[in-house]
Enquirer: 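Following this message is one structure expressed as structure tokens.
Because only heavy atoms are used, hydrogens play no part in the values below, and waters and symmetry mates are left out as well, while side chains stay in. Starting from 1, each residue takes its place in the sequence as its number.
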Amino acid sequence: MIPEGHRPIALLNAESEHNLDVLRRGLRRSASFALYVVLAADAARAEVVRRLRAWSGAGGVPALHFFAAGAAGVEEIERFLAVSARDRPFAGAVIPDGVALMDTNGGTAVASLNMARDVLGKLIRGPFVLVIAAGRVAELSRMAPDLFDVRAATLEVELMVREPAPLVALEHEAQELSPPSRAELQAEAARLRGLADGEIPAGALADAWIRLAYSFLEEAELGEARAAAEDAFRLAERAGYTSGIGDALAFEARVLEMTGPAEAWEGALRRALAMHRETGDVAKISSGLLELARAAARLGRPDEAEQLLRESIHLCEQLGNIRGRAAALGQLADVLQAGGELDEALRIRRQEELPVYERLGDVHSRAVVLGKVADILEARGELDEALRIRRQEELPVYERLGNVRERAIALGKVADILEARGELDEALRIRRQEELPVYERLGDVRSRALTLGKVADVLQARGELDEALRICRQEELPVYERLGDVRSRAVTLGKVADIHQARGELDEALRICRQEELPVYERLGDVRSRAVTLGKVADVLQARGELDEALRIRQQEELPVYERLGDVRCRAVTLGKVADIHQARGELDEALRIRQQEELPVYERLGDVRSRLVCQANMALIHLERAAPGGREAAAELLRIAHRDAAHLQIPEEEMIRRIQRKAGLTP
């Protein structure tokens with residue numbers, strides 16, 4: 001049996017094996033700084049990294065420092081460049097994920113590496129290996145021309161022809177590049193605390209604590225992560241290391257976003273941004289503006305969020321950072337979409353974001369934006385086109401890249417659309433057979449819990465309430481409680497309340513909403529989620545016949561939030577609920593006025609066909625109940641139009657409308 005550490009992750013062709021042999025000989029000869037660019041993607045990249053780990057410190061190859069993969073690795077590289085002890089250089093180093101280096105924070109780390117070309121030899125005294133997909137190397141060369149001037153070699157590593165799809169290989173890759181265990185992280189914390197005073201410069205030690213904080217965060221150890229960040233802050237403050245103070249505050253903000261309180265989260269973001277403004281680091285200022293804009297949007301200040309985003313866009317234009325500008329525009333589209341400005345959000349996605357990634361040849365980012373386009377189309381009820389984009393334009397990219405995680409996420413979006421169309425069996429099959437196994441194989445407990453929650457949603461829609469409740473309580477909630485993720489726990493409790501309401505257990509549903517959900521959103525300062533939960537409270541009260549209190553909540557506590565947020569869709573939906581209450585109280589004229597003059601025009605302006613046809617069906621029911629002259633004819637026409645659109649969209653409402661027509665004796 002081949003020892004675990006020597007098992008190949010993927011089979012390579014003869015040319016690739018030759019290139020790896022050339023690389024190994026080069027690493028042995030690198031007595032001074034030398035950059036090696038290795039072109040490899042997916043399972044081939046994982047095999048390259050496995051070989052490098054096996055060679056490190058053996059057979060004449062110097063000990064290699066491996067930066068992390070993904071965004072965490074990019075942050076580690078930026079900190080390494082910012083403050084590193086030149087008297088303690090690495091013997092050699094490896095960046096295993098060059099694509100993340102380019103795609104994170106608009107590629108600012110690439111620019112930093114390029115500017116640091118002349119000093120890299122003092123930070124890394126031997127070989128420096130950068131692994132990147134072949135399709136991105138030209139772009140990287142343009143972004144870092146000075147760095148490429150000093151490269152020793154560029155070598156390509158590919159899989160054997162006709163190699164099976166590398167799903168299993170990627171699972172091994174995830175294990176190969178997995179973060180250290182909790183025990184290893186705690187040992188590293190003990191080592192850092194045990195260093196003699198002055199043994200490492202305070203700035204460098206602060207960076208080490210920040211790196212450790214991010215590692216603890218990846219393992220969902222929030223207490224340890226925050227403690228590490230506090231150590232980093234103290235050291236950076238003692239050394240007058242302003243950029244390090246900003247980094248520690250930015251990290252603290254990430255933790256506070258998950259745990260609250262909201263004021264502390266926003267305060268940490270503002271202080272971090274102030275530190276970066278003080279150092280004049282334009283790239284970090286731009287990133288800080290994006291984070292603060294996200295907070296402003298969540299805390300109910302969309303106008304401020306838009307202003308911050310436009311400042312970030314301006315800075316990106318100053319830097320010539322087209323990728324960062326596209327990312328900021330995408331976040332602006334999110335704000336506009338939340339405010340019901342779907343046409344403008346769609347225009348930004350299609351005319352400003354997509355062309356950037358197409359021009360850069362960034363197929364991955366293009367697929368992500370296409371997914372956002374599908375989100376908007378789905379919100380407008382254009383389910384067929386949304387499904388086509390998911391299946392024909394988004395999924396094939398992730399399959400070609402071998403990105404099993406994002407493929408699973410996209411499949412989940414497909415399942416969402418199928419569920420909306422009433423195709424519950426197929427939605428459930430995708431969740432259980434295609435999504436869950438991926439997250440289980442990757443050991444991603446959070447994504448597994450989220451998907452189990454989606455399974456519970458489908459089961460609830462099928463009327464299997466006991467099993468849906470069991471999944472939420474026994475499989476989903478314990479994960480968020482263990483991770484300390486109070487927001488996700490509150491969301492799941494809201495689903496538990498929904499199930500209790502569907503079972504007729506109204507008192508328990510009301511208790512959960514009022515005593516377990518609302519306090520969390522109030523603490524987090526999440527005004528939108530608080531308003532949504534108040535709407536659910538009103539639903540329960542209405543089901544209990546407490547119409548006056550339900551109406552008061554809708555009009556005095558829910559509607560003002562959506563009006564302040566500029567969320568025209570949620571305002572329209574809430575007005576529809578107000579109309580429901582008026583209808584239940586027999587106030588049919590007022591119910592019809594609201595639907596006709598305040599709800600329907602919004603859906604027509606948004607191009608939301610599905611919401612429009614549901615509103616038309618509700619208007620028809622009021623006409624039939626009023627029995628006023630001409631009302632029956634008006635109802636018949638409304639139902640005819642609604643049925644036509646529902647049939648075109650292939651959604652469950654088609655049969656609902658047909659039943660109304662049959663019951664009223666109207667011709668379908």
Enquirer: I need the I322 CD1 to M143 CE distance, nearest 0.5 Å.
Expert: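 Here the interatomic distance stands at 8.5 Å.
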Enquirer: How are the rings of F128 and F33 set to each other: parallel, tilted or perpendicular (split at 30° and 60°)?
Expert: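 F128 vs F33 ring planes: tilted.
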Enquirer: Atom CG of L235 and atom CD of E230: how far apart are they, to the nearest 0.5 Å?
Expert: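 The distance works out to 12.0 Å.
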Enquirer: Test side chain to side chain contact (heavy atoms under 4.5 Å, CB included) on D97 and V131; report intermediate values, then the result.
Expert: CA-CA 6 Å; D97 191 357; V131 186; over 6 Å; no
Enquirer: Where is the tightest heavy-atom contact between L309 and A328, given as atom of each residue plus distance?
Expert: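 Between these two residues, the closest heavy atoms are CD2-O, 4.1 Å.
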Enquirer: Can you check whether P302 reaches L565 side chain to side chain, under 4.5 Å on heavy atoms?
Expert: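 Of all side-chain heavy-atom pairs linking L565 with P302, at least one is under 4.5 Å.
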Enquirer: Would one find more than 12 heavy atoms of other residues, nucleotides or ligands at under 6.0 Å from atom CD of E481?
Expert: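 Yes.
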Enquirer: Could E516 and R523 be called an ion pair, given the rule that one side-chain N must be under 4.0 Å from one carboxylate O?
Expert: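 No salt bridge links E516 with R523.
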Enquirer: Please report the closest heavy-atom contact between R323 and Y357, naming both atoms and the distance.
Expert: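 In this case the closest contact between R323 and Y357 is NH1-CE2, 3.8 Å.
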Enquirer: Does the pair R349/D334 count as a salt bridge with the N-to-O cut at 4.0 Å?
Expert: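 Counted as a salt bridge, because a side-chain N and a carboxylate O are separated by less than 4.0 Å.
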Enquirer: Take R270 and E252 through the test salt bridge (Lys or Arg N to Asp or Glu O under 4.0 Å) and record every step on the way to the result.
Expert: CA-CA 12 Å; R270 290 192 182 280; E252 182 185 8; over 6 Å; no
Enquirer: Using every non-hydrogen atom in the two residues, find where V397 and V363 come nearest and quote the distance to one decimal.
Expert: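 Shortest heavy-atom separation between V397 and V363 comes out as CG1-O, 3.7 Å.
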Enquirer: Are the charged groups of E257 and R294 less than 4.0 angstrom apart, N to O?
Expert: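 Yes, E257 and R294 are salt-bridged.
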Enquirer: Could you tell me the separation between the CD atom of E311 and the CG atom of L289, rounded to the nearest 0.5 Å?
Expert: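 CG of L289 is found 4.5 Å from CD of E311.
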Enquirer: So, do L370 and L354 sit near enough that their side-chain heavy atoms are less than 4.5 Å apart?
Expert: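 They are in side-chain contact.
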Enquirer: Kindly determine whether I132 and M102 satisfy side chain to side chain contact (heavy atoms under 4.5 Å, CB included), including the steps that lead there.
Expert: CA-CA 10 Å; I132 189 168; M102 299 167 65; 3.4 Å; yes
Enquirer: Can you name the nearest heavy-atom pair linking I124 to A93, along with the distance?
Expert: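 Taking every non-hydrogen atom into account, CD1-CB, 3.9 Å.
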Enquirer: Quick one, S112 with E78, criterion side-chain hydrogen bond (donor to acceptor under 3.5 Å, both in side chains). Give me CA distance, side-chain angles, the key distance, then yes/no.
Expert: CA-CA 7 Å; S112 298; E78 289 179 327; 5.3 Å; no
Enquirer: Answer yes or no: is there a side-chain heavy-atom contact under 4.5 Å between Q307 and D303?
Expert: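 No, side chains not in contact.
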Enquirer: Do NZ/NE/NH1/NH2 and the carboxylate oxygens of D375 and K372 come within less than 4.0 Å?
Expert: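 Not counted as a salt bridge, because no side-chain N and carboxylate O are separated by less than 4.0 Å.
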Enquirer: Hey, does L534 have a side-chain heavy atom less than 4.5 Å from the side chain of R530?
Expert: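 Yes, their side chains come closer than 4.5 Å.
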Enquirer: Apply side chain to side chain contact (heavy atoms under 4.5 Å, CB included) to residues L130 and V38 and explain how you reach the verdict.
Expert: CA-CA 6 Å; L130 193 156; V38 181; over 6 Å; no
Enquirer: Quick one: do R254 and E75 make a salt bridge, cutoff under 4.0 Å?
Expert: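 Between E75 and R254 there is a salt bridge, with a charged N closer than 4.0 Å to a carboxylate O.
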Enquirer: Taking only Lys NZ, Arg NE, NH1 and NH2, and the carboxylate oxygens of Asp or Glu, determine whether E352 and R347 approach each other closer than 4.0 Å.
Expert: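 A salt bridge is present here (some side-chain N lies under 4.0 Å from a carboxylate O).
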Enquirer: Side chains of R298 and W265, heavy atoms from C-beta outward: is any pair under 4.5 Å?
Expert: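 In short, these two side chains touch, coming nearer than 4.5 Å.
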Enquirer: For the pair S286 (side chain) and C316 (backbone), establish whether a donor and an acceptor sit closer than 3.5 Å, ignoring hydrogens and angles.
Expert: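 Pair absent, no side-chain N/O of S286 close to backbone of C316.
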Enquirer: Rounded to the nearest 0.5 Å, what separates atom CD in E263 from atom CG in L299?
Expert: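 That separation rounds to 8.0 Å.
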Enquirer: What pair of heavy atoms forms the shortest contact from I95 to L113, and how long is it?
Expert: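 Taking I95 first and L113 second, the nearest heavy atoms are CD1-CD1, 4.1 Å.
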Enquirer: Atom CG in L101, atom CG in L140: separation rounded to 0.5 Å?
Expert: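 Reported value, rounded in 0.5 Å steps: 7.0 Å.
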Enquirer: Could you check if a side-chain atom of R528 sits within less than 4.5 angstrom of a side-chain atom of D526, using non-hydrogen atoms only?
Expert: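 The answer is yes; the side chains approach within 4.5 Å.
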Enquirer: Below 30° counts as parallel, above 60° as perpendicular, anything between as tilted: where do the rings of F67 and F90 land?
Expert: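 Rings of F67 and F90: perpendicular, over 60°.
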Enquirer: When rounded to the nearest 0.5 angstrom, what distance separates CG in D281 from CG in D247?
Expert: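 Going from the CG atom of D281 to the CG atom of D247 covers 8.5 Å.
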Enquirer: For R136 and E139: C-alpha separation, side-chain torsions, deciding distance, then whether salt bridge (Lys or Arg N to Asp or Glu O under 4.0 Å) applies.
Expert: CA-CA 5 Å; R136 304 296 301 278; E139 181 188 353; 2.9 Å; yes
Enquirer: Report the C-alpha distance between T279 and S243 in whole Å, list the side-chain angles of each, state the deciding distance to 0.1 Å, and finish with yes or no for side-chain hydrogen bond (donor to acceptor under 3.5 Å, both in side chains).
Expert: CA-CA 7 Å; T279 63; S243 180; 5.3 Å; no
Enquirer: Under 4.0 Å between a side-chain nitrogen and a carboxylate oxygen: does that hold for K536 and E517?
Expert: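 Between E517 and K536 there is a salt bridge, with a charged N closer than 4.0 Å to a carboxylate O.
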Enquirer: So, T451 side chain and S447 main chain: donor-acceptor pair closer than 3.5 Å or not?
Expert: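 Flag set: sc T451 to bb S447 pair under 3.5 Å.
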Enquirer: Could you walk me through whether L52 and L64 pass the side chain to side chain contact (heavy atoms under 4.5 Å, CB included) check?
Expert: CA-CA 8 Å; L52 289 166; L64 303 172; 4.3 Å; yes
Enquirer: Provide the closest heavy-atom pair for F233 versus R271 in the form atom of the first, atom of the second, distance.
Expert: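 So the minimum-distance heavy-atom pair works out to CZ-NH2, 4.0 Å.
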Enquirer: Determine whether a donor-acceptor pair (N or O, by modelled atom type, separation under 3.5 Å) exists between the side chain of T492 and the backbone of S488.
Expert: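 At least one qualifying donor-acceptor pair exists.
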Enquirer: For R301, is there an ion pair with E266 - N to carboxylate O distance below 4.0 angstrom?
Expert: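 Result for this pair is yes, salt bridge flagged.
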Enquirer: Is the shortest distance from a Lys or Arg side-chain nitrogen in R234 or E237 to a carboxylate oxygen in the other one below 4.0 Å?
Expert: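 Between E237 and R234 there is no salt bridge, as every charged N stays at least 4.0 Å from the carboxylate O atoms.
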Enquirer: Going by heavy atoms in the side chains, are R226 and L256 under 4.5 Å from each other?
Expert: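 Sidechains of L256 and R226: in contact.
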Enquirer: Are any side-chain N or O atoms of R45 and backbone N or O atoms of P96, one a donor and one an acceptor, separated by less than 3.5 Å?
Expert: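 Yes: the side chain of R45 pairs with the backbone of P96.
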